[in-house]
Amino acid sequence: MTSSLHRGRQRRAKSHISVRVAHAVLGGAVGVVWLVLPGMTSGGDAPVAIKNPAPGASAAAAEDDERSTVDLVLPLVAVGAAGAIAGYGYIRRVRRTRVRTTPGGVGSPPPPRSSPPLAALDEQACAALVEADNRVRAARTELGFAGALCTAEDLETFRRAVREAETELAAAFRMRQRYDEGVPAEEAAREHALAGIVGRCAEAGRRLDSVAAEFGRLRGLEQGLGEALEVAEGRFRELAGRAGAAEAVLAGLRDRYAPTATASVTGSVEQAKDRLLFATVRLNQARQSADAGRPERAARQLRTAEGAVAQAAVFVNGVDRMAAELRSAEQTVPAALTGAEAELAWARRQADPSTRQPPAAGPATATSPPAEARPGPSVPLAGAGTTPGGFEVRLLHVDAVLGSVRQELTGGQPGDPVGVLRRIVRATAPVTSGRAGVLPAAALITARTATAAAADFVATHRGAVGATARTRLAEAERLLATGDPADRPAADLLALEARELAERDVRAHGNPYVGAVGTEETAGTGGAVLGGIVLAEDPEDGTPADFAGPARPAEARRGPA
């Protein structure tokens with residue numbers, strides 16, 4: 001069959017041919033008229049023979065011959081003009097057909113690119129990143145609960161699938177980070193990069209899809225909750241007890257340190273209790289549904305409870321980890337300050353030519369031990385990236401920062417050890433030589449603390465956090481995992497940016513869930529929606545995020561409710 005588009009093109013081609021034929025016929029008709037016009041205008045009398053033409057008659061005959069020649073030339077000129085006009089019209093139409101940009105043109109170039117398609121592809125790539133990241137996180141959560149009832153050999157296939165999905169997702173985030181940095185620069189290459197991000201995210205989903213059905217059969221929740229419900233209830237009781245202890249730990253941290261030191265875990269205990277409240281209701285509903293002979297509904301409610309328990313654990317563990325990081329930073333600050341002062345003194349010696357004396361000439365030079373090789377003044381200058389005068393200004397800035405830190409340490413006021421280390425590391429970074437090993441250790445503490453705090457926030461607010469914050473977090477985790485001390489300051493900056501962007505997304509998202517008046521809703525539903533455990537459109541009957549996919553409303557669920 002021929003599509004309407006092709007049929008339309010054939011009709012247009014036929015109409016063009018008919019127009020050209022009409023032009024040719026018209027030109028021929030005009031020529032014929034000119035040819036027969038003299039015969040039509042001549043008299044009807046019979047010709048009279050002239051035996052002896054006179055000289056005057058001969059002249060008249062010659063004049064008549066010239067008129068006859070003119071009468072023949074004019075029609076020929078008219079025919080030629082008509083043909084030329086028809087040929088010119090045909091050539092012009094062919095040229096216009098070849099160069100025109102309409103879909104019906106033969107050999108027409110592709111339409112010029114514009115920004116809306118690139119913007120639409122960009123939006124698609126961001127959505128793919130968010131969905132793939134949510135799914136991988138949900139898969140890790142359910143795999144963690146399954147590990148309590150299955151052996152390591154039983155779960156190896158699924159853990160490998162999750163690792164492969166994580167690898168694809170990490171590659172997609174890396175491509176996105178480079179895209180945000182402006183690499184590549186060409187528009188066509190940027191479109192390919194966005195398409196590659198979408199493809200990587202799709203591949204991560206396919207890795208999980210390949211084993212999702214088998215994993216569901218391994219757990220067998222749709223056939224009965226069995227011991228899985230007991231495992232979830234046991235973790236719930238453990239976290240309920242730890243939440244009270246975490247509240248006491250957080251109160252002690254507030255008394256000992258400045259408010260900025262505990263800002264990242266402020267409200268964590270309350271949010272942990274909110275998730276646990278949601279979990280206890282869903283655990284009770286799961287048991288009731290199982291007793292009523294509704295195993296599929298019981299399985300959905302159990303998975304929802306597991307997701308809430310896992311996020312409550314993130315909040316509680318975050319408080320304990322922050323306490324440990326603050327203690328470690330507090331112990332490192334004096335050594336970091338000493339190391340920074342040593343680096344500052346070394347940089348000043350290198351910047352002052354009078355302190356670098358040349359070796360004395362003579363025989364004693366050959367017998368004396370060689371002096372310790374030290375970099376010249378070009379090393380700190382290159383690190384600072386400034387002129388010698390600018391380098392002196394940098395040294396003054398480092399001295400001012402270290403003086404401020406010394407004053408805070410002796411002031412007796414509650415401080416922020418991680419923040420102090422961050423100030424020391426950032427101030428000395430342009431002039432450091434790497435001789436003081438404590439500064440890379442300080443940079444590791446700051447980067448690790450910031451990255452963990454950002455990761456916890458994204459994990460527990462993934463229902464509102466967008467792709468940009470997740471991309472910065474993934475890049476910070478990648479740099480931190482390299483083990484290179486040079487990557488730690490950049491990882492710290494990216495983690496702080498990721499946390500700031502994620503908080504901005506949550507504020508812009510607003511209230512994640514407002515239940516309809518008169519409807520029955522589970523306590524803590526707002527927090528579960530914000531955490532991406534359930535959807536705001538259908539928090540009660542929808543499918544929660546799990547190994548098989550992200551959260552889905554009830555109408556999108558396969559199989560009976």
Side-chain angles (χ1 to χ4, degrees), residues 129 133 136-137 140 166-167 169-183 197 260-265 314 317-318 321-322 324-333 335-336 339-340 343 383-385 401 416-434 436-462 465-505:
L129 283 170
D133 188 42
V136 169
R137 292 176 183 274
R140 284 199 295 255
E166 289 172 343
T167 301
L169 182 59
F173 275 126
R174 178 60 181 154
M175 294 171 66
R176 182 69 207 192
Q177 177 65 28
R178 291 177 58 81
Y179 181 89
D180 292 342
E181 293 172 353
V183 180
I197 292 172
T260 56
T262 59
S264 62
V265 293
V314 172
N317 293 336
R321 186 188 61 253
M322 178 57 68
E325 295 287 1
L326 288 174
R327 288 193 298 268
S328 177
E330 190 175 21
Q331 296 170 359
T332 308
V333 165
E343 291 283 2
V401 172
D416 179 2
V418 176
V420 169
L421 289 181
R422 182 173 289 117
R423 290 163 58 193
I424 294 175
V425 170
R426 290 184 178 179
T428 58
V431 299
T432 184
S433 64
V438 67
L439 293 181
L444 177 61
I445 293 175
T446 59
R448 186 174 57 202
T449 302
T451 302
D456 288 353
F457 190 87
V458 172
T460 55
H461 299 79
R462 66 175 188 255
V465 176
T468 304
R470 299 175 194 238
T471 301
R472 302 297 180 271
L473 172 60
E475 183 67 9
E477 292 174 338
R478 186 189 71 83
L479 292 176
L480 189 60
T482 62
D484 188 353
D487 291 335
R488 293 167 185 172
D492 183 46
L493 288 173
L494 286 167
L496 294 176
E497 182 183 1
R499 177 65 185 260
E500 181 181 356
L501 292 172
E503 290 178 348
R504 186 185 306 172
D505 289 340

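Numbers here are sequence positions counted from 1.
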With rounding to the nearest 0.5 Å, note down the distance linking [atom1] in [X] to [atom2] in [Y].
X	Y	atom1	atom2	answer
Ser264	Met322	OG	CE	3.0 Å
Leu493	Glu475	CG	CD	12.0 Å
Leu439	Thr428	CG	OG1	4.5 Å
Ile445	Thr332	CD1	OG1	3.5 Å

Where do [X] and [Y] come nearest, in terms of heavy atoms and distance?
X	Y	answer
Ala442	Val425	CB-CG2, 3.9 Å
Thr451	Ala491	OG1-O, 4.2 Å
Ala172	Ile197	O-CG1, 3.9 Å
Val438	Gly339	CG1-CA, 4.2 Å
Arg137	Ala459	NH1-CB, 3.6 Å
Leu473	Ala455	CD2-CA, 3.6 Å

### Task
Could you pull out all residues at least two apart from Thr167 that satisfy side-chain contact (heavy atoms from CB on, under 4.5 Å)?
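By the side-chain contact (heavy atoms from CB on, under 4.5 Å) rule, Thr167 matches no residue at all.
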### Task
Identify, with sequence neighbours excluded, every residue that meets side-chain contact (heavy atoms from CB on, under 4.5 Å) alongside Ala469.
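If we apply the side-chain contact (heavy atoms from CB on, under 4.5 Å) test to Ala469, skipping adjacent residues, the hits are Val465, Leu501, Ala502, Asp505.
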Can you sort out the partners of [X] under side-chain hydrogen bond (donor to acceptor under 3.5 Å, both in side chains), two or more places apart, ordered by chain and number?
X	value
Asp487	Thr482
Arg426	none
Glu166	Arg140
Glu477	none

With heavy-atom distances below 4.5 Å as the criterion, would you say the side chains of [X] and [Y] are in contact?
X	Y	value
Arg462	Arg470	yes
Thr449	Thr446	no
Leu444	Leu480	yes

### Query
Would you say the side-chain atoms of Ser328 pair up with the backbone N or O of Ala324, donor to acceptor, closer than 3.5 Å?
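Checking the backbone N and O of Ala324 against the side chain of Ser328, no donor-acceptor pair under 3.5 Å is found.
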### Message
Would the distance check show the side chain of Arg488 and the main-chain N or O of Pro440 forming a donor-acceptor pair, the cut-off being under 3.5 Å?
### Response
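Present.
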### Message
Enumerate the salt bridge (Lys or Arg N to Asp or Glu O under 4.0 Å) contacts for residues 442-457, please, sequence neighbours excluded, ordered by first and then second residue.
### Response
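Counting only pairs at least two positions apart or across chains, the salt bridge (Lys or Arg N to Asp or Glu O under 4.0 Å) contacts touching residues 442-457 are Arg321-Asp456, Glu325-Arg448.
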Which residues pass the salt bridge (Lys or Arg N to Asp or Glu O under 4.0 Å) test with [X], not counting sequence neighbours?
X	result
Arg178	none
Glu330	Arg256
Arg472	Asp180, Glu497
Arg422	Asp492

### Message
Applying ring-ring contact (aromatic ring centres under 6.0 Å, His included), can you list everything that pairs with Phe173, at least two apart in sequence or on another chain?
### Response
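Phe173: no ring-ring contact (aromatic ring centres under 6.0 Å, His included) contacts found.
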